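First comes the structure, then the notes that go with it.
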Amino acid sequence: MPHSSRQLIAFLLIALAIAGGLAPVIAAPGLLNANTPASKERDRLIAEILKLDTKLALLQSEKAAAEDRLDELRAALKEAQHEKSRLLETAAEERLVVGRWLRFLVEEGSYSYLDVLLGAANLADFLNRLDIIITIVEANVNSLKRLQLLALEVEAQEQEYRAQEQEISLVYRAINRSLEEAKQLRQAKSQALAEAERKLDDFPAILALSQAWERVLPDVEHCLDRLSKTPWHTVQPDQVKPDYFRGRAEIALKERTLENLLNQGLSPQDQFQLKCRPPLMILSRPALDYSISFTISNEDRRLLFVPHSVTVGQTKIPDGAVHLLFQDRDLALNLPLIAGLQIDRAEIRSGEMRVFLKRGS
């Protein structure tokens with residue numbers, strides 16, 4: 001065999017050997033995404049870390065709400081204390097007035113009344129003196145009534161004061177529980193991160209995802225609040241098709257109409273984008289690079305937005321974290337329909353949402 005041929009064969013063998021040696025390395029990312037023990041472990045750790053992130057964010061939100069409520073209660077309690085002091089002072093003054101009248105009636109009243117009535121010179125004088133007595137009696141009665149009303153007001157203030165004190169105590173306990181739970185969650189997250197760092201080659205990417213999710217979570221809360229408060233009564237449908245004979249109607253709402261409705265009052269950098277891609281409505285926040293997708297259903301006069309998934313960047317958030325995020329959320333919106341109408345069905349079409357109405361049974 002010529003020397004050049006032997007060199008060519010040797011080169012091909014080396015190339016094949018090198019290719020064979022590199023094959024497992026090249027295939028590794030594909031294997032990691034397959035249903036292998038390594039990929040399952042990676043998915044488990046990602047789900048655990050993001051679930052802990054979600055719990056911490058929700059806990060922080062609850063703690064902030066509790067602190068706001070605590071501030072409201074403290075202000076209300078201060079006002080109640082001030083009002084109670086004012087009522088007590090007024091009641092004390094009323095007691096003095098009533099006391100003086102009662103002493104007058106007991107000590108001098110009988111004689112004075114007889115003297116006034118029997119000492120009249122004539123009928124006109126008698127009537128005049130009688131009118132004075134009636135005025136005095138009415139004043140006594142009115143003073144007693146005012147005192148009774150003040151006593152009731154003071155009692156109501158005392159009950160409100162006690163209720164506010166009790167609620168403050170409950171809020172304090174809730175905040176303390178939140179702090180303790182947050183401490184435990186942070187410890188659990190630290191352990192999960194340490195385990196991920198030890199086991200996963202792409203740990204920096206997992207950590208970056210966790211940090212991104214932490215930033216996104218408060219904004220998702222804001223997004224959901226805004227969605228639940230959408231002023232549907234102000235929106236004009238893009239198309240209405242009535243069927244008077246069957247007592248039905250079809251309403252079309254375009255992406256742009258819904259997007260403008262959701263972005264009312266927001267600055268350009270804070271605005272959302274909305275897309276309708278059957279069967280999903282996709283709400284995204286370009287500023288933070290995340291999106292939420294919903295399916296849609298209906299119940300009587302309400303539209304029900306059912307969370308489907310959340311994506312941060314190109315990564316779909318695990319279902320466990322998404323379930324935590326939405327579990328206490330009511331994204332049912334009441335449509336301002338005229339009496340006798342209800343929603344028959346609702347669906348997402350390409351570029352729009354369609355709502356079908358029917359006459360109620």
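What you are looking at is a predicted structure, and each value in this text was computed from that prediction instead of being measured.
The existence of a salt bridge linking Glu180 and Lys183 is excluded, since no basic side-chain nitrogen approaches an acidic carboxylate oxygen closer than 4.0 Å.
For Gln166, the CD atom counts as loosely surrounded, since its 6.0 Å shell holds 12 or fewer non-hydrogen atoms of other residues, nucleotides or ligands. Lys199 NZ: more than 12 foreign heavy atoms inside a 6.0 Å radius. Within 6.0 Å of CD in Gln269 there are more than 12 heavy atoms belonging to other residues, nucleotides or ligands. Heavy-atom neighbours of Asp201 CG from other residues, nucleotides or ligands within 6.0 Å: at or below the threshold of 12.
There is no side-chain donor-acceptor pair under 3.5 Å between Arg186 and Ser190. Side-chain N/O atoms of Trp213 and Thr54 include a donor and acceptor closer than 3.5 Å. Side-chain contact annotation: Gln239 with Arg354, donor-acceptor N/O pair under 3.5 Å present.
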**Request:** Please test Asp225 against Arg329 for side chain to side chain contact (heavy atoms under 4.5 Å, CB included), starting from the C-alpha separation and ending with a verdict.
**Result:** CA-CA 9 Å; Asp225 286 338; Arg329 287 285 179 177; 2.8 Å; yes
**Item:** Verdict with supporting geometry, Leu262 and Leu258, side chain to side chain contact (heavy atoms under 4.5 Å, CB included)
**Value:** CA-CA 6 Å; Leu262 190 63; Leu258 295 169; over 6 Å; no
**Message:** One pair to check against side chain to side chain contact (heavy atoms under 4.5 Å, CB included): Asn260 and Arg256. What are the steps and the verdict?
**Reply:** CA-CA 6 Å; Asn260 290 339; Arg256 180 58 61 183; 3.6 Å; yes
**Request:** Decide side chain to side chain contact (heavy atoms under 4.5 Å, CB included) for Met353 and Met281; before the verdict, give the C-alpha distance in whole Å, the side-chain angles of both, and the deciding distance to 0.1 Å.
**Result:** CA-CA 8 Å; Met353 179 175 71; Met281 176 182 287; 3.9 Å; yes
**Request:** Apply salt bridge (charged side-chain N to carboxylate O under 4.0 Å, His left out) to the pair Asp243 and Arg248, showing each step before the final yes or no.
**Result:** CA-CA 5 Å; Asp243 185 344; Arg248 294 177 176 273; over 6 Å; no
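Both tests pass for Arg345 against the ring of Phe356: distance under 6.0 Å to the centre and angle within 45° of the axis.
Put simply, the side chain of Glu352 never gets that close to the backbone of Ala252: no donor and acceptor are under 3.5 Å apart. Judged by distance alone, with hydrogens and angles left aside, the side-chain atoms of Asn298 form no donor-acceptor pair with the main-chain N or O of Leu303 at under 3.5 Å.
Shown here for Ile348 and Arg277, the closest heavy-atom pair between the two residues is CG2-N, 4.0 Å. Annotation for Val240 and Pro242: closest pair O-CD, 3.5 Å, computed over non-hydrogen atoms. Minimum heavy-atom separation, Cys223 to Leu283: SG-CD2, 3.2 Å. Residues Arg349 and Glu250 share a closest heavy-atom pair of NH1-OE2, 4.0 Å.
Taking CD from Glu259 and OG from Ser284, the interatomic distance works out to 8.0 Å, rounded to the nearest 0.5 Å.
In this pair, His222 and Phe272 present their aromatic rings parallel. The plane angle is below 30°, not in the 30 to 60° band.
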